[in-house]
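Following: one structure in structure tokens, then a few remarks.
Remember, it's a predicted structure, so these values are computed and weren't measured experimentally. Along the sequence shown, the residues carry numbers beginning at 1.
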Amino acid sequence: MEKISLAMWGFKITKKKVLTIVIVLILAGTGVRSFMGKTENNIAKTAPNIVCVKATVAENVIEQAIISYKASLEASEEGIVSGKVSGKVVQMMFENGQYVTQGDPLIKLDDQEIRNNIASSQAQLKASESQLVSSQTGLQKMQLNVEDAERSYDRKKELFDAGAISKVELESAETTLRNAKIDLETEKANIDTAKANLTTAQIDLNNLTDSLANTTITAPITGILDEKSVSLGQYANMGVVLAKVKAISPIYAVIEVDQNDISSLQVGQSAKVTVGSNVVKDYDGIIKSIEASADTTSRVFKCKVEVTNLDQALKPGIYAKVDIVSDQTSEVIAVPTDALSGNPGNYTVFVIDQGVARKRIVIIGQISKGLVEIKDGVKNGDSVIITNVNTLQDGDAVSVVKE
């Protein structure tokens, strides 16, 4: 019995030990797993997030110097709309901004008085024509009278020389001849007067006819109507400016050039004209003219850059920027425009520094043919990222992918 009890006691001790060992092993296993889990998490957290990017090397490029100017657009030609006669405006046929062709009717003036004067002038012309015809008929009669008087005088002169008639009869024939000649000269003068009256009447009628035509005021040139200053019913005096027609195809971008820069410009030189702020549009232009003398106050020269403006989208008064390429060249650092991120005035690029993307604030210059000039922030030889620039963060690990 004692052996059995001892045996059972021994069993109990062994079972308790086993249970204790199992618990210890479970706890040890849990700890190991927990430790391993924490280790894996720490490894996961410290492992870098590598971003695949494409990059290019910032290099010096040769660039022609570009001089930029503020400009204002002006019409290439300006025509004044005004009347050659005075009159009341009875019809308006245009509005500001309307495109017109030279000769198009714009304003109609009251022409009733002129029409009445034309009727009187036509009557006067007919009277002058009748007077001329009458004087010409009278001249023919006077010429015949002179011829008859000369023949009569010649006969009586022969008779007087033969002693057949008295001196009184000869003198009477001489007086008749003299009077006939006076009447002939008078009729010739009447004809000259009739011709002059006829010419005057014809001129008056022509002037009135022109005045009638001028009661319709037409466009002086082809272009856009502007600066309208007349209304229906207004009395328009002769010569008063009623509107302007501005030719805008081509159109001029007028710039002011400092005296120090004027030597670098010449007529025929190419230029780039840029308009708009939200929607920017570029136009090709050439320098059309350069003033011979500078403004006495500002010491600047006005230059006109001609733009064809075939679609007439450009209007006088619009502000623009004119870039003129000079003969001078310089070396600048340039990168693809795809490298830029940010907003105007706050541009940035990412450069690769030992496998890490570093954001740099840059100052840009001219943009041309997919390249942007970097004035500050990038140096020659820097590796500049050109993809994923809007999602990269400063400090991201990167891997360069070749094309």
Whether Ser76 side chain and Ala247 backbone form a donor-acceptor pair below 3.5 Å: yes
Gap between atom NZ of Lys84 and atom OG1 of Thr216 - 0.5 Å precision: 12.5 Å
Validation row: Val307, Asp284 side chains within 4.5 angstrom (heavy atoms): no
Atom of Glu256, atom of Tyr69 and distance for their closest heavy-atom approach: O-CD2, 3.6 Å
Over 12 foreign heavy atoms within 6.0 Å of CD1, Ile361: no
Gap between atom CG of Asn145 and atom CD of Glu187 - 0.5 Å precision: 10.5 Å
4.5 Å side-chain heavy-atom contact, Arg115 and Leu212: yes
Over 12 non-hydrogen atoms of neighbours within 6.0 angstrom of CD in Gln136: yes
Spatial distance of atom CG (Leu125) from atom OG (Ser120) [nearest 0.5 Å]: 12.5 Å
Nearest-0.5 Å distance that lies between atom OG1 in Thr193 and atom CG in Leu132: 10.5 Å
Test salt bridge (Lys or Arg N to Asp or Glu O under 4.0 Å) applied to Glu227 and Lys244, step by step: CA-CA 6 Å; Glu227 300 184 38; Lys244 293 181 180 180; 3.4 Å; yes
Close side-chain approach of Lys228 to Glu95, heavy-atom, < 4.5 Å: yes
4.5 Å side-chain heavy-atom contact, Tyr153 and Thr176: no
Ile367 side, atom CD1; Leu340 side, atom CG - distance, nearest 0.5 Å: 6.5 Å
Ion pair Lys188/Glu185, N-O distance below 4.0 Å: yes
No-hydrogen, no-angle side-chain donor-acceptor test under 3.5 Å, Ser298 and Asp295: yes
Lys108, NZ: over 12 other non-hydrogen atoms inside 6.0 angstrom: yes
Thr101 versus Thr222, side-chain donor and acceptor atoms under 3.5 Å: no
Heavy-atom neighbours of Lys181 NZ exceed 12 at 6.0 Å: no
Exam field: side chain Glu169 to backbone Ser166, donor-acceptor pair closer than 3.5 Å: yes
Thr186 (side chain) donor-acceptor with Ile182 (main chain) under 3.5 angstrom: yes
Worked check of salt bridge (Lys or Arg N to Asp or Glu O under 4.0 Å) between Asp258 and Arg299: CA-CA 7 Å; Asp258 186 83; Arg299 301 299 176 185; over 6 Å; no
Under 3.5 Å side-chain donor-acceptor pair for Thr274 and Lys281: no
Where Ala71 and Ala253 come nearest, the two heavy atoms and their spacing: CB-CB, 4.2 Å
Any Val241 side-chain heavy atom under 4.5 Å of Val81 side chain: no
Any donor-acceptor N/O pair, Asn390 side chain to Ser341 backbone, under 3.5 Å: no
Closest approach of Ala292 to Phe301 (non-hydrogen atoms, all atoms of both residues): O-CE2, 3.9 Å
Salt bridge (Lys or Arg N to Asp or Glu O under 4.0 Å) between Asp148 and Arg151, intermediate numbers included: CA-CA 5 Å; Asp148 289 343; Arg151 285 194 296 269; 2.2 Å; yes
Val257/Ile255 under side-chain contact (heavy atoms from CB on, under 4.5 Å): CA gap, chis, key distance, verdict: CA-CA 6 Å; Val257 181; Ile255 61 176; 3.8 Å; yes
Test item: Asp104 side-chain N/O and Ala219 main-chain N/O as donor-acceptor pair under 3.5 Å: no
Derivation of the side-chain contact (heavy atoms from CB on, under 4.5 Å) call for Val349 and Ile385: CA-CA 7 Å; Val349 300; Ile385 297 173; over 6 Å; no
pair Cys303-Val254: side-chain heavy atoms closer than 4.5 Å: no
Ser68 versus Asp323, side-chain donor and acceptor atoms under 3.5 Å: yes
Which atom of Ala75 lies closest to which atom of Lys246, heavy atoms considered: CB-CB, 3.5 Å
Value rounded to 0.5 Å, distance of CD1 in Ile165 from NZ in Lys157: 10.0 Å
Worked verdict on Lys288 versus Val267 for side-chain contact (heavy atoms from CB on, under 4.5 Å): CA-CA 6 Å; Lys288 183 69 175 180; Val267 173; over 6 Å; no
Any donor-acceptor N/O pair, Asp110 side chain to Gln112 backbone, under 3.5 Å: yes
Non-hydrogen atoms of Ser270 and Ile324 that approach each other most closely: O-CG2, 4.0 Å
Working for side-chain contact (heavy atoms from CB on, under 4.5 Å), residues Leu392 and Val51: CA-CA 8 Å; Leu392 276 175; Val51 181; 4.0 Å; yes
Neighbour count >12 (heavy atoms, 6.0 Å) for atom OH, Tyr319: no
Minimum heavy-atom distance between Ile248 and Leu314, given as atom pair plus value: CD1-O, 3.7 Å
Ser86 side chain vs Met238 backbone, donor-acceptor pair below 3.5 Å: yes
Worked check of salt bridge (Lys or Arg N to Asp or Glu O under 4.0 Å) between Asp282 and Lys272: CA-CA 7 Å; Asp282 292 331; Lys272 184 74 70 177; 5.7 Å; no
Any donor-acceptor pair under 3.5 Å from Asp382 side chain to Val378 backbone: no
Sidechain N-carboxylate O distance under 4.0 Å for Lys195, Asp192: no
Side-chain heavy atoms of Thr348 within contact of Val362, under 4.5 Å: no
N/O donor-acceptor pair under 3.5 Å between Ser121 side chain and Asn117 backbone: no
Heavy-atom donor-acceptor pair, Asn206 side chain to Gln202 backbone, under 3.5 Å: yes
Heavy-atom check, side chain of Val273 versus side chain of Val305, under 4.5 Å: yes
